[in-house]
Q: 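One structure is given below, represented as structure tokens, and several questions about it will come after.
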Amino acid sequence: QVQLVESGGGSVQAGGSLRLSCAASAYNYSLDCTGWFRQAPGKERERVAFIWNSRGSTYYGDSVKGRFTISIDNAKNTVYLQLNSLKPEDTAMYYCAAPRNPVYDCTYSMLYGYSYWGQGTQVTVSS
């Protein structure tokens with residue numbers, strides 16, 4: 001079982017920035033295929049960003065496009081989500097997620113869901 005651990009959340013004012021991190025507990029598990037999601041109270045979970053690094057592929061939700069950037073540090077086996085120009089509507093719990101097998105299950109996980117989820121990190125943006 002792989003555990004994902006998010007960090008980097010916090011409280012900022014509108015227009016500020018944060019950098020979220022997602023690390024895997026298993027040293028031999030690759031975060032090559034990783035998604036970031038968020039969920040605000042009373043709202044549905046929203047896919048924020050996705051990276052399939054070995055395919056050179058990234059995806060951003062319309063609400064964050066141009067403001068958020070997903071990246072990976074392979075040496076640290078950590079995926080980052082840079083949040084810039086934050087807005088109050090970005091306030092949510094942010095989660096990273098990854099498939100059981102990042103080589104064979106990446107496409108499947110994008111369509112049907114991920115096997116591994118982190119515990120979440122809270123982002124609060126005040127106006």
Q: Measuring from Tyr116:OH to Ser109:OG, what's the distance to the nearest 0.5 Å?
A: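 Answer rounded to 0.5 Å: 11.5 Å.
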Q: Under the side-chain contact (heavy atoms from CB on, under 4.5 Å) rule, collect the residues that match up with Ser115, sequence neighbours excluded.
A: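 With sequence neighbours excluded, Ser115 shows a side-chain contact (heavy atoms from CB on, under 4.5 Å) to Arg100, given in chain and number order.
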Q: Could you measure the distance from the CE atom of Met110 to the SG atom of Cys33? Nearest 0.5 Å is fine.
A: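 Result: 6.0 Å between the selected atoms.
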Q: Only pairs at least two apart or in different chains count here, so list each ring pair (Phe, Tyr, Trp, His ring centres under 6.0 Å) that has a residue in residues 84-106.
A: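 Applying ring pair (Phe, Tyr, Trp, His ring centres under 6.0 Å) to every pair that reaches into residues 84-106, excluding sequence neighbours, yields nothing.
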Q: Asn101 and Val103: which non-hydrogen atoms are nearest, and at how many Å?
A: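 In terms of heavy atoms, the two residues are closest at OD1-N, 2.9 Å.
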Q: Report the residues that fulfil side chain to side chain donor-acceptor pair (under 3.5 Å) with Asp62, sequence neighbours left out, ordered by chain and then residue number.
A: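 Once residues adjacent in sequence are excluded, the partners of Asp62 under the side chain to side chain donor-acceptor pair (under 3.5 Å) criterion are Lys65.
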Q: Once rounded to the nearest 0.5 Å, what's the spacing between atom OG of Ser85 and atom CZ of Phe68?
A: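 Rounded to the nearest 0.5 Å, the OG-CZ separation comes out at 9.0 Å.
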Q: To the nearest 0.5 Å, how far apart are OG in Ser127 and NZ in Lys87?
A: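 Going from OG on Ser127 over to NZ on Lys87, the span is 13.5 Å.
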Q: Please name the pair of heavy atoms, one in Pro102 and one in Ser30, separated by the smallest distance, quoted to 0.1 Å.
A: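 The pair with the smallest heavy-atom distance is CG-O, 3.5 Å.
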Q: Going by the rule side-chain contact (heavy atoms from CB on, under 4.5 Å), which residues pair with Ser11 if we only count those two or more places apart in sequence or in a different chain?
A: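 Counting only residues at least two positions away or on another chain, Ser11 forms a side-chain contact (heavy atoms from CB on, under 4.5 Å) with Thr124.
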Q: Is there side-chain contact between Val125 and Glu89, with heavy atoms separated by less than 4.5 Å?
A: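 Val125 does not reach Glu89 side chain to side chain.
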Q: Could I get the full list of salt bridge (Lys or Arg N to Asp or Glu O under 4.0 Å) partners for Lys43, not counting sequence neighbours?
A: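 Applying salt bridge (Lys or Arg N to Asp or Glu O under 4.0 Å) to Lys43 gives none.
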Q: May I have the list of side-chain donor-acceptor pairs in residues 75-83 shorter than 3.5 Å, sequence neighbours left out?
A:
residue : atom : partner : partner atom : Å
Asn77   : OD1  : Leu31   : N            : 3.2
Asn77   : ND2  : Tyr29   : O            : 2.5
Thr78   : OG1  : Lys76   : O            : 2.9
Gln82   : NE2  : Asn84   : OD1          : 2.9

Q: Suppose we screen for side chain to side chain donor-acceptor pair (under 3.5 Å). Which residues come up paired with Tyr114, at least two apart in sequence or across chains?
A: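 Side chain to side chain donor-acceptor pair (under 3.5 Å) list for Tyr114, sorted by chain: Arg47.
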Q: Side-chain heavy atoms under 4.5 angstrom apart, residues restricted to Ile, Leu, Val, Met, Phe, Trp, Tyr: same cluster for Phe50 and Ile72?
A: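 No; tracing contacts between hydrophobic side chains, which count when under 4.5 Å, never links both residues.
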Q: Identify the heavy atoms of Arg45 and Gln39 that sit nearest to each other, and give their distance.
A: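 Where Arg45 meets Gln39 most closely, the heavy atoms are N-NE2, 3.7 Å.
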Q: Which of these passes side-chain contact (heavy atoms from CB on, under 4.5 Å) with Ile70: Leu20, Asn53, Ile51?
A: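 Single side-chain contact (heavy atoms from CB on, under 4.5 Å) partner of Ile70 among Leu20, Asn53, Ile51: Ile51.
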Q: Got a sec, which residues hit salt bridge (Lys or Arg N to Asp or Glu O under 4.0 Å) with Glu46, two or more places apart in sequence or on another chain?
A: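 Glu46 satisfies salt bridge (Lys or Arg N to Asp or Glu O under 4.0 Å) with Arg38 only.
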Q: Given a cutoff of under 4.5 Å between side-chain heavy atoms of I, L, V, M, F, W and Y, with clusters grown through shared members, what are the other residues clustered with Leu111?
A: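 Its cluster mates, by chain and number, are Tyr108, Tyr112.
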Q: Using the salt bridge (charged side-chain N to carboxylate O under 4.0 Å, His left out) rule, collect all pairs that involve residues 9-28, keeping only residues at least two apart or in two chains.
A: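 Counting only pairs at least two positions apart or across chains, no salt bridge (charged side-chain N to carboxylate O under 4.0 Å, His left out) contact touches residues 9-28.
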Q: So which atom in Thr34 and which in Cys96 form the shortest heavy-atom distance, rounded to 0.1 Å?
A: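 Here Thr34 and Cys96 meet closest at CG2-CB, 4.3 Å.
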Q: Could you work out, with side chain to side chain donor-acceptor pair (under 3.5 Å) as the rule, every residue matching Asp32, not counting sequence neighbours?
A: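 Only Trp52, Ser54 meet the side chain to side chain donor-acceptor pair (under 3.5 Å) criterion with Asp32.
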Q: Go through the structure and list residues passing salt bridge (Lys or Arg N to Asp or Glu O under 4.0 Å) with Arg67, not counting sequence neighbours.
A: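 Only Asp90 meet the salt bridge (Lys or Arg N to Asp or Glu O under 4.0 Å) criterion with Arg67.
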Q: Is it the case that the side chain of Glu6 and the backbone of Gly120 share a donor-acceptor pair, with hydrogens and angles ignored and the cut-off at 3.5 Å?
A: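 Yes.
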Q: Looking at Gln3, I'd like to know if its CD atom is crowded, meaning that more than 12 non-hydrogen atoms belonging to other residues, nucleotides or ligands lie closer than 6.0 Å.
A: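 Result for CD/Gln3: open.
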Q: Set out, in order, the CA-CA distance, both residues' side-chain angles and the distance that settles side-chain contact (heavy atoms from CB on, under 4.5 Å) for Gln13 and Leu86, then state yes or no.
A: CA-CA 8 Å; Gln13 290 191 327; Leu86 282 162; over 6 Å; no
Q: Quick check: closest heavy atoms across Leu4 and Cys22, and the distance to 0.1 Å?
A: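 The answer is CB-SG, 4.3 Å.
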Q: Check whether Val123 and Met93 end up in the same hydrophobic cluster, where Ile, Leu, Val, Met, Phe, Trp and Tyr are linked by side-chain heavy atoms less than 4.5 Å apart.
A: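 No.
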Q: Do you know the tightest heavy-atom contact between Gly9 and Thr121?
A: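 Answer, listing the atom of Gly9 first, then Thr121: N-OG1, 3.0 Å.
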